[in-house]
Amino acid sequence: MSASGAGKSKTAFEAALALLATANESAVEAVRANESPQEAFEFATQLADALRVLADSAADVRAETVVRIYDHESLSLAGLAGRIGVSKARAGQLIQNAKKGK
């Protein structure tokens, strides 16, 4: 990817992340503003469930990118662990998780 392509990708990512933060803030405000405690609880539960799905998706894409680094740079597990700042065992788990997901 060219430098300008990487810059566009970073800008798009930052914009998407900002939208997520704004959406979360709006949802939290809606829960807190709800006058019915039961309905507020139900909304908060739905929000927590939705955020768990998003967190799982982010974890999956993180594992996929670990495999991309591993393959692209032809690293050993120890090299990969050092490159991404995790233990060798964790690097292995990330590789396994990504390959299970395929």
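- Remark: Asn34 CG to Glu29 CD distance equals 13.5 Å, nearest 0.5 Å.
- Judged purely by atom type and a 3.5 angstrom limit, Ser57 has no side-chain atom pairing as donor or acceptor with the backbone of Val53.
- With sequence neighbours left out, Asn24 forms a side chain to side chain contact (heavy atoms under 4.5 Å, CB included) with Val28, Leu47, Leu51.
- The minimum heavy-atom distance linking Glu64 with Ala98 is given by the pair N-CB, 4.0 Å.
- Ala63 and Leu94 make their closest contact through CB-O, 3.7 Å (heavy atoms, listed as atom of the first residue, atom of the second, distance).
- Looking at every heavy atom in both residues, Leu80 comes nearest to Ala91 through CD2-CB, 4.1 Å.
- Rounding to the nearest 0.5 Å places CG of Asn97 at 10.5 Å from CZ of Arg62.
- Leu17 and Leu54 fall within the same hydrophobic cluster, where Ile, Leu, Val, Met, Phe, Trp and Tyr residues are linked whenever their side-chain heavy atoms come under 4.5 Å apart, directly or through other members.
- Listed here is the closest heavy atom pair of Ala78 and Lys88: N-CG, 4.2 Å.
- Taken from CG in Leu77 to CD in Gln93, the straight-line distance is 11.0 Å, to the nearest 0.5 Å.
- Glu42 and Gln46 are not linked by any side-chain donor-acceptor pair at a separation below 3.5 angstrom, with hydrogens and angles left out of the test.
- Atoms CG and CD1, on Leu75 and Ile95 in that order, are 9.0 Å from each other to the nearest 0.5 Å.
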